[in-house]
Amino acid sequence: EGVSCRRLNPEDALLYHVAHQADHYFGPSLKWTIDLREMLRRWRLDLDVLARRAGAWRVRTALHLALMHLEKVFPGAVPVDLARQVVPGRLRLGLLRPFLASDPLQVLSVSNGIAARYPLRCLLIDRPVDAVGLAARVLLRPVALRLGLGRRTDEPWEWLD
């Protein structure tokens with residue numbers, strides 16, 4: 001439409017896409033999976049750069065789950081070298097196993113309860129120290145607000161009263 005804009009490079013755009021999927025627990029929509037397939041098909045991606053950036057962005061686990069789902073829905077669509085580079089460790093895979101959906105159209109099976117979502121949220125973050133930091137920040141937010149160390153935002157997901 002003649003509007004100039006900036007765009008992420010393909011590797012960053014793909015990782016942003018995967019991080020967004022993970023933020024929504026890979027949601028009930030196949031649209032994101034189809035989009036991921038098209039990104040891998042159409043873009044000239046440097047798979048080594050993609051894997052390294054996934055680690056730097058702390059989204060290797062999310063990328064692994066997205067690729068795992070893509071392979072489940074579209075066999076052969078995932079570059080084998082990329083899939084090998086982003087496989088989480090055995091412990092994380094074991095902890096993720098109870099959350100994996102058996103339904104071929106879904107990645108995760110997560111109840112709407114907060115008790116199930118918080119442990120999974122921590123598993124989707126690559127480094128345990130990052131997960132601990134996120135959990136501490138969320139758990140301490142009510143205390144920080146009462147002590148005047150934080151601020152209430154307009155976003156309802158930030159309200160913990």
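Residue numbers start at 1 and run along the sequence shown. The structure displayed is predicted, hence computed values, not measured ones.
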Trace of the side-chain contact (heavy atoms from CB on, under 4.5 Å) decision for Leu124 with Arg58: CA-CA 9 Å; Leu124 292 175; Arg58 314 279 193 268; over 6 Å; no
Within the 6.0 Å centroid threshold, strictly below: Trp32 and His24: yes
message: Donor-acceptor check, side chain of His20 to backbone of Leu15, threshold 3.5 angstrom: yes or no?
response: no
- request: State the CG-CG distance between Asp48 and Asp81, to the nearest 0.5 angstrom.
  value: 7.5 Å
task: Answer yes or no: is there a side-chain heavy-atom contact under 4.5 Å between Val73 and His69?
output: yes
message: Membership question, hydrophobic clusters at under 4.5 Å side-chain separation (ILVMFWY): are Val78 and Leu105 in the same one?
response: yes
field: Polar side-chain atom of Lys72 near backbone of Gln106 as donor-acceptor pair, under 3.5 Å
entry: yes
query: Can any side-chain N or O of Glu11 pair as donor or acceptor with the backbone N or O of Leu45 at less than 3.5 Å?
result: no
Minimal non-hydrogen separation, Ala77 against Arg37, with atom names: CB-CG, 4.5 Å
Check against side-chain contact (heavy atoms from CB on, under 4.5 Å), Phe26 and Thr33: CA-CA 9 Å; Phe26 294 91; Thr33 304; over 6 Å; no
- request: Evaluate the side-chain proximity of Met68 to Leu100: yes if any heavy-atom separation is below 4.5 Å, no if none is.
  value: yes
field: Test log, rule side-chain contact (heavy atoms from CB on, under 4.5 Å), inputs His17 and Leu63
entry: CA-CA 9 Å; His17 177 79; Leu63 180 55; over 6 Å; no
message: So that I can tick it off, tell me whether Lys31 and Asp35 are bridged by a salt bridge, with the cut-off set at under 4.0 angstrom between side-chain N and carboxylate O.
response: yes
- prompt: Rounded to the nearest 0.5 Å, what separation is found between the CZ atom of Phe99 and the CG atom of Leu120?
  reply: 5.0 Å
query: Between Val59 and Tyr16, is any pair of side-chain heavy atoms under 4.5 Å apart?
result: no
message: How long is the straight-line distance from CG of Leu65 back to OH of Tyr25, given to the nearest 0.5 Å?
response: 13.0 Å
query: Shortest non-hydrogen contact from Gln21 to Ala66?
result: OE1-CB, 3.7 Å
message: For Gln85 versus Leu47, what's the shortest heavy-atom pair and its separation?
response: NE2-O, 4.3 Å
message: Between Leu8 and Leu14, does the side-chain contact (heavy atoms from CB on, under 4.5 Å) criterion hold? Intermediate values first, please.
response: CA-CA 9 Å; Leu8 292 171; Leu14 187 142; over 6 Å; no
- prompt: Would you say Arg7's side chain and Ala13's backbone share a donor-acceptor pair under 3.5 angstrom?
  reply: no
- request: Identify whether Ile34 and Val18 are in the same connected component of the hydrophobic contact network (ILVMFWY, side-chain heavy atoms under 4.5 Å).
  value: yes
message: With heavy-atom distances below 4.5 Å as the criterion, would you say the side chains of Leu40 and Leu70 are in contact?
response: yes
Give the table of side-chain donor-acceptor pairs shorter than 3.5 Å for residues 86-96, with sequence neighbours excluded, one pair per line with atom names and distance.
from	atom 1	to	atom 2	distance (Å)
Arg92	NH1	Leu123	O	2.6
Arg92	NH1	Ile125	O	2.9
Arg92	NH2	Ile125	O	3.4
Arg92	NH2	Asp126	O	2.5

- prompt: Can you name the salt bridge (Lys or Arg N to Asp or Glu O under 4.0 Å) partners of Glu38, sequence neighbours left out?
  reply: Arg41, Arg42
